[in-house]
Every structure is written in C-alpha cells, then in structure tokens.
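In each ligand, atom 1 is the first atom listed, and ligand 1 is the first ligand listed. By convention here, the first residue in the shown sequence is residue 1. What you see is a predicted model, and the numbers here were worked out from it, not measured in a lab.
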Amino acid sequence: MGTRRAAPPPSPLPPDALICAAPLQRDTPCAGSRLSLDMGKWQEMTKEELEKQYAPSRWSHRMDKEAVIEAHVREVTEGTRRAQATVQTLLHVPYGGSDGEKLDIYLPTDPSGAFPLVLYIHGGYWQFLSKEESGFIAPPLVTQGIAVVAVGYDVAPKGQLDVMVAQVRCSVAFLVQQYSKISGVYLCGHSAGAHLAAMVLSTDWEEYGVTPDIKGAFLVSGVYDLEPITHISVNNLLHMSREVARRNSPILCVTAAKPARKACEVLITVAQHDSPEFHRQSQEYFQALRSAGWRVSLLDIADTDHFDVIEKLSQGGYILTQVILNMISRA
Ligand SMILES: N[C@@H](CC(=O)c1ccccc1NC=O)C(=O)O
C-alpha cells in the first residue's frame with residue numbers, strides 16, 4: 001500500500017455531456033459526482049475502505065450483500081433461459097481453440113438483410129459468471145432486428161487479464177470475418193465486462209488483420225483503472241502486478257479518436273447506487289475519452305444499483321434499453 005502514487009485532481013465535466021436520468025433539483029449535481037468530489041483519493045484509503053468501495057454488493061439499497069448477488073445470478077440465469085426459449089440461437093460457437101473461447105448467438109427475429117450486432121461481455125470481477133447466464137439482454141434487441149452475441153472468455157484462475165483482453169478482441173475479429181451480414185458492431189459490457197469492452201475500443205486492429213466497424217459501446221458500471229484492484233482481495237485469483245494492471249487499464253490506453261472512430265459513440269453508464277469509486281472511475285474515463293476527441297456521454301441511472309442496472313436490460317421499457325435502441329437506430 002505504501003507504493004501508491006497521488007492521483008491528479010479531477011477536471012471539471014463539460015456541462016453538455018453529463019446526463020442524470022433522475023429528476024434533479026436546481027443546483028443539485030448528480031449524486032455520484034457530488035460523492036466522488038467529496039471523497040478522498042483511493043491512494044489514501046484504508047484497505048478496509050478500499051475493499052468496501054470495490055464491493056458493489058455492499059452499496060445496494062434493495063438487499064443485503066449476499067442476497068443481491070444471489071438475486072443477480074437468479075435474474076440473469078432466468079433471463080437467459082427465457083431468451084433461449086424464445087429466440088433462435090446458435091450456441092457454443094468456437095471463436096478460438098481454448099474451451100472458454102466460445103460464443104452464443106441470438107439471431108434477430110427477421111434476419112433478412114444486414115443487421116447490427118451487440119456483443120455482450122459479462123461481468124463478475126474476471127472470476128465469476130459465464131456466457132451461459134449472459135443472453136438475458138437479447139429479447140428486446142432481437143425483436144428490433146439486432147443480433148446479440150454473448151461472448152465467453154476464460155475467467156480466473158485459468159484466464160489472466162492479458163488473456164481475457166486478447167480473447168474478447170479475438171471474438172470481435174472472428175465475428176466480422178465470419179458473418180458478412182453484420183452492418184455494425186456495438187459492444188455492451190457490465191462491470192468487469194465493461195472494462196473488457198473498453199479495452200476492445202483501444203485495439204490496434206492491424207494486429208488482427210481486420211477493421212471491425214465498431215459503431216458504439218455501452219459500458220455499464222465499469223472499472224477503467226485496475227490499479228486499486230491490485231490492493232484488494234479481488235486480486236487474490238487474478239494475481240495482477242502493477243504492470244499488468246497498468247497495461248490493461250483502459251484509462252491508460254485511450255488513443256486519439258481516429259476519423260473512423262469519430263463515428264463510434266460511447267455511452268458510459270453508472271448506477272445511482274454504485275460506490276463513489278465506481279462513479280469516479282466512470283467520470284475519469286469519460287473525461288479521458290472526451291479529451292481525446294471521442295463522442296462520449298455519461299449516464300447516471302436513478303434508483304438502480306450495480307446489479308439491477310444491467311439486469312433490467314431484459315426489459316424493453318427500461319431507460320437503458322431505450323437509449324441503446326435509439327443509439328443503434330440513428331447510427
Ligand atoms: N464480490 C462482488 C461481486 C461483484 O462485484 C460482481 C458480481 C456479479 C457481477 C458483477 C460483479 N462485479 C464486477 O464485475 C461484490 O461484492 O459485489
């Protein structure tokens with residue numbers, strides 16, 4: 001803990017890009033931005049405080065920590081079962097040689113002509129969950145002519161950060177090489193999956209011999225600076241050194257938006273009841289992308305926590321589902 005460096009002070013947000021999906025009183029900033037401006041830097045936190053900041057289940061207002069995780073697993077498992085019962089699928093399609101390198105495709109209801117594809121990258125702190133519980137977002141998207149792909153990757157202890165990042169990048173390369181009917185790729189990731197989706201945004205595609213048309217990214221309650229994680233128990237299975245954490249931190253991999261990337265729209269979403277550290281991470285990554293010329297916005301969703309902010313994507317009427325459908329339809 002003694003080797004932590006001081007973080008630079010946060011810069012002010014441009015007024016036009018921060019969206020609060022909550023009725024706000026005049027002069028009241030988003031709860032998240034207020035909290036993160038008031039709190040100390042992570043480098044100065046005790047180990048106990050840092051553990052709490054990075055334990056999303058301890059911030060839910062709906063349930064206690066065990067119950068909210070149990071409910072989350074139930075929701076995404078049930079939602080995926082419903083999706084597989086109603087949507088035409090291609091399951092366990094290999095995109096590489098390892099057992100974990102498989103994906104599940106949920107086809108659009110009317111697959112005539114080209115269609116947009118949403119690649120969903122599950123969370124679980126790079127050590128839990130799998131593609132088997134990751135089809136729950138499909139139903140409201142496939143009925144609007146969008147294909148959904150739930151990507152599997154090797155979670156720890158088998159997979160380590162460098163491997164997981166390479167795997168999700170390979171899955172994108174595989175999809176665009178394999179399926180000519182894709183009219184644009186959108187990335188959607190939750191928590192650790194938002195981290196992996198953000199790393200896909202920084203890919204040098206020349207190494208992969210493809211130029212995927214990534215039109216957008218929906219990053220939900222993500223972690224964009226991995227260094228704090230190296231100091232807490234989440235790292236027990238990941239064994240990330242500071243160096244590994246730094247080379248896999250999206251905030252340190254932001255590249256200037258190239259002309260092609262200017263067409264890519266990034267939506268960073270955080271739940272109202274995510275911890276102040278999760279709010280800070282989203283704000284700082286948002287700032288970094290914006291400064292580099294990316295089209296990016298930040299959405300703080302009222303009355304949600306780290307878990308239902310993504311679970312509710314199974315519902316067509318949920319605000320985030322609507323925002324995603326809207327972003328895809330006007331691209
Ligand atoms: N042990 C964590 C669990 C967790 O973070 C999590 C659980 C399910 C799906 C995503 C999660 N977080 C990041 O990937 C917690 O205390 O909330």
Could you state the interatomic distance from CG (L320) to OG1 (T269), rounded to the nearest 0.5 Å?
5.0 Å
Answer yes or no for F307: is there a heavy-atom contact with ligand 1 below 4.0 Å?
yes
Quick check against the 3.5 Å criterion: does S60 have a side-chain atom that pairs as donor or acceptor with the backbone of R62?
yes
Shortest non-hydrogen pair, M199 vs R169, comes out as O-NH2, 3.0 Å
For atom 4 (C) of ligand 1, what is the nearest protein heavy atom, given as residue, atom name and distance?
Y125 CD1, 4.0 Å
Please report which non-hydrogen protein atom sits nearest to atom 3 (C) of ligand 1, along with the residue it belongs to and the distance in Å to one decimal place.
I69 CD1, 3.8 Å
L50: which of E44, M45, Q43 passes side chain to side chain contact (heavy atoms under 4.5 Å, CB included):
M45
Knowing that exactly one of H61, H190, H273 qualifies, which makes a ring-ring contact (aromatic ring centres under 6.0 Å, His included) with H306?
H190
For V73, which part has a heavy atom under 4.0 Å from ligand 1: side chain, backbone, both, or neither?
neither
At what distance, to the nearest 0.5 angstrom, does CD1 of I182 lie from CD1 of I146?
13.0 Å
What protein heavy atom sits nearest atom 12 (N) of ligand 1, and how far off is it?
S191 OG, 2.9 Å
Can you tell me which residue among L298, L219, L267 is in a side chain to side chain contact (heavy atoms under 4.5 Å, CB included) with F286?
L298
Any N or O of H190 that comes nearer than 3.5 Å to an N or O of ligand 1?
no
Only heavy atoms count here, so choose which of G124, A192, S57 is nearest to atom 17 (O) of ligand 1.
S57
Atoms in ligand 1 flagged as close to L129, the criterion being non-hydrogen separation under 4.0 Å
9 (C)
Once you restrict to heavy atoms under 4.0 Å, what part of H306 touches ligand 1? Side chain, backbone, both or neither.
side chain
